[in-house]
Amino acid sequence: METAVSSYSLATDLYCPACGKQYDADSIQTYATCCNQPLVTRYAISPLSKSMLNNRPLNMWRYHELLPVHQKQHIVSLGEGWTPVFPLPSLAARLGIKKILLKDESFNPTGSFKARGISAAISKAKELGITHCVMPTAGNAGGALSSYAAKAQINATVIMPRHTPETLKEECRLYGASLLLVDGLIDACGRKAKEICATTGAFDMSTLKEPYRLEGKKTLGYEIAEQLKWRLPDVIVYPTGGGTGLIGMWKAFKEMKELGWINGKLPRMIVVQSDHCAPMVQLFETGHLPAHFSPEPTIAYGLAVPHPFAKDMIQEIIRESSGTAIAISEEAITLATRELATEEGRLLSPEGSAAYAGLKKLIEKDYIREDETVLFFNTGSWYKYR
Ligand SMILES: Cc1ncc(COP(=O)(O)O)c(C=O)c1O
Ligand SMILES: [Zn+2]
């Protein structure tokens with residue numbers, strides 16, 4: 001069943017993270033139906049010299065050996081990745097922390113980190129001959145899908161909650177996607193996506209029900225390591241909805257250990273959610289979701305994922321990294337946006353603002369100590385939430 005490893009990609013096959021069952025990477029795959037888990041891409045990894053990265057283009061495809069596309073001509077790229085990491089020294093001094101770093105993903109095409117996952121998924125879809133993709137989304141992933149599908153000349157159907165801000169809807173239409181609006185949160189959109197795929201034969205690109213968005217998001221981890229000269233921060237704060245970036249970064253860290261690119265202790269991984277919809281925080285604190293769990297929309301639209309498909313993997317990463325999960329109020333998110341805008345001149349998406357609010361709360365609780373380096377993400381552009 002093993003794919004022939006190409007010089008361009010070392011990907012060999014896929015596996016179920018729960019039971020290890022192997023899945024073929026040369027045919028279209030969805031998720032590990034054996035255990036109802038996301039599928040994980042495996043690579044033929046052996047120690048490699050970091051110098052292979054010298055003189056490569058500054059986008060996420062500089063790590064192409066560790067990405068799933070075997071033929072270069074299938075890559076659909078709009079220049080995603082290699083986003084800036086900004087030190088925030090005056091904020092760090094005020095909060096009494098050694099170093100605070102902001103990785104600003106709003107610099108990506110379509111203004112969010114979703115471009116990474118979608119570039120990988122659409123490229124692989126092209127390689128596998130897929131012609132129509134369907135995606136439920138809180139907004140940003142839908143915009144990215146519409147854009148990359150247009151570039152690849154693949155049909156895209158995007159399904160969003162009706163209450164999503166207008167800009168996030170309009171960009172999909174401009175890129176030529178079909179946009180459907182549904183009452184409710186992303187779960188309701190997911191049910192609609194399933195229905196459409198069953199009747200049309202289109203491919204379902206729901207978060208982690210498709211294996212390769214994870215691989216694109218993984219480049220966050222490679223980039224942080226390379227940009228910080230192969231010394232990872234002590235703590236990483238991630239605004240979590242479906243958890244793809246968190247799982248991706250952790251996978252990258254493990255792979256880089258095997259490649260011999262990093263060593264030592266890995267960062268504590270922090271899940272930040274909105275207290276309007278915080279299933280991972282509930283699971284972390286109590287071990288189960290209470291019967292009265294009633295998620296509501298949040299201004300951090302991307303965090304409103306009531307039932308993350310990869311909840312087991314997210315929980316495992318929090319545990320293994322000695323991380324934690326924390327919920328933030330809507331007011332704290334709004335205040336965080338203002339604080340970073342007025343003190344640092346940086347306007348963050350509500351999700352990025354939530355990450356910053358989480359970071360502050362963890363400093364107050366002494367979970368983050370004064371001699372530590374912390375990195376948090378702005379995952380999207382404030383300008384799209386109008
Ligand atoms: C701006 C933004 N931040 C964070 C998230 C959550 O991302 P993930 O699904 O990787 O947890 C999303 C998802 O929609 C988003 O759009
Ligand atoms: Zn399994």
Side-chain angles (χ1 to χ4, degrees), residues 14-23 31-40 103-106 108 110-118 135-145 158 160-161 164-165 167-168 171 185-186 189-190 205-210 213-214 216-221 236-251 269-274 277-280 297-314 317 325 328 333 337 348-356 358 376-385:
L14 303 159
Y15 65 94
C16 165
C19 74
K21 183 176 173 198
Q22 194 185 14
Y23 288 72
Y31 59 95
T33 47
C34 47
C35 302
N36 208 31
Q37 296 286 332
L39 272 174
V40 181
K103 184 153 174 75
D104 196 344
E105 288 287 297
S106 68
N108 275 304
T110 72
S112 91
F113 72 152
K114 299 284 176 181
R116 296 177 188 266
I118 302 301
M135 186 192 282
T137 172
N140 279 310
L145 175 71
V158 172
M160 259 183 220
T164 308
T167 309
L168 288 157
E171 72 169 336
L185 293 174
I186 198 165
C189 302
M205 269 214 185
S206 298
T207 301
L208 294 163
K209 296 241 168 109
E210 174 285 336
R213 287 172 66 182
L214 175 62
K217 285 272 189 85
K218 179 178 86 175
T219 58
L220 288 170
I236 291 182
V237 184
Y238 182 79
T240 307
T244 322
L246 185 94
I247 300 167
M249 277 188 277
W250 196 246
K251 183 171 192 277
M269 303 298 280
I270 313 302
V271 162
V272 178
Q273 301 204 290
S274 153
C277 181
M280 293 317 305
T298 153
I299 53 167
Y301 292 87
L303 308 188
V305 182
H307 301 282
F309 181 56
K311 64 178 186 328
D312 296 346
M313 293 171 91
I314 299 171
I317 291 166
I328 299 300
I333 296 173
T337 306
L348 270 51
S349 66
E351 295 84 355
S353 302
Y356 173 62
F376 77 103
F377 283 97
N378 178 33
T379 41
S381 165
W382 179 88
Y383 297 95
K384 292 182 77 177
Y385 294 72

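Indexing begins at 1, ligand by ligand and atom by atom, following the structure's order. Keep in mind the model is a prediction, meaning the values are calculated, not measured.
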Task: Interatomic distance, Met269 atom CE to Thr240 atom OG1 [nearest 0.5 angstrom] - done: 8.5 Å
Open item on the list: Show, in sequence, the C-alpha distance, side-chain angles and deciding distance for Lys384 and Glu171, and conclude whether the salt bridge (charged side-chain N to carboxylate O under 4.0 Å, His left out) test is met.
Closed with: CA-CA 9 Å; Lys384 292 182 77 177; Glu171 72 169 336; 2.6 Å; yes
- [ ] For Tyr385, take its heavy atoms, then give the atoms of ligand 1 lying under 4.0 Å from any of them.
- [x] 1 (C)
TODO: For Pro239, take its heavy atoms, then give the atoms of ligand 1 lying under 4.0 Å from any of them.
DONE: 4 (C), 6 (C)
TODO: For the pair Ser206 (side chain) and Lys209 (backbone), establish whether a donor and an acceptor sit closer than 3.5 Å, ignoring hydrogens and angles.
DONE: no
Task: Opening angle at the Zn ion (ligand 2) [SG, Cys35; SG, Cys19; to 10 degrees] - done: 110°
TODO: Would you check whether Thr379 has a nitrogen or oxygen atom less than 3.5 angstrom from a nitrogen or oxygen atom of ligand 1?
DONE: yes
Task: Within-shell test, Ser112 vs ligand 1, heavy atom, strictly < 4.0 Å - done: no
Open item on the list: Is it the case that the side chain of Gln273 and the backbone of Met280 share a donor-acceptor pair, with hydrogens and angles ignored and the cut-off at 3.5 Å?
Closed with: yes
- [ ] May I ask you to check if ligand 1 and Gly245 share an N or O to N or O distance below 3.5 Å?
- [x] yes
Task: Tyr15 versus Gln37, side-chain donor and acceptor atoms under 3.5 Å - done: no
Open item on the list: Can you report which non-hydrogen protein atom sits closest to atom 10 (O) of ligand 1, along with the distance?
Closed with: Tyr238 OH, 2.4 Å
Task: Options Glu351, Lys384, Arg213, Lys114, ranked by nearest heavy atom to atom 14 (O) of ligand 1, top entry - done: Lys114
Task: Option of least heavy-atom distance to atom 7 (O) of ligand 1 (set: Tyr301, Trp382, Phe113) - done: Phe113
Task: Validation row, ring centre Phe309 to ring centre Tyr31 under 6.0 Å - done: yes
Task: Gly241 N/O to ligand 1 N/O under 3.5 Å - done: yes
Open item on the list: Is Lys217 close enough to touch ligand 1? Criterion: a residue heavy atom under 4.0 Å from a ligand atom.
Closed with: yes
Open item on the list: Regarding Glu105 and Lys114, does a basic nitrogen lie under 4.0 Å from an acidic carboxylate oxygen?
Closed with: no
Open item on the list: So for ligand 1, is Thr244 a polar contact partner (N or O within less than 3.5 Å, distance only)?
Closed with: yes
Open item on the list: If you measure every N or O of Thr207 against every N or O of ligand 1, does any of those distances drop under 3.5 Å?
Closed with: no
Task: Test item: side-chain donor near acceptor, Ser381 and Ser106, under 3.5 Å - done: no
Open item on the list: Checking ring-ring contact (aromatic ring centres under 6.0 Å, His included) between Tyr356 and each of Tyr238, Phe376, Phe377, which is the one that passes?
Closed with: Phe376
Task: Under 3.5 Å: N/O of Gly242 near N/O of ligand 1 - done: yes
Open item on the list: Could you walk me through whether Thr219 and Arg116 satisfy the side-chain hydrogen bond (donor to acceptor under 3.5 Å, both in side chains) test, starting with their C-alpha distance in whole Å, then the side-chain angles of each, then the deciding distance to 0.1 Å, before giving a yes or no?
Closed with: CA-CA 8 Å; Thr219 58; Arg116 296 177 188 266; 3.1 Å; yes
TODO: Looking only at distances, please establish whether an N/O atom of ligand 1 is found under 3.5 Å from an N/O atom of Thr240.
DONE: no
Open item on the list: I'd like to check whether Asn140 has a polar contact with ligand 1, where a contact means an N/O of the residue lying under 3.5 Å from an N/O of the ligand.
Closed with: yes
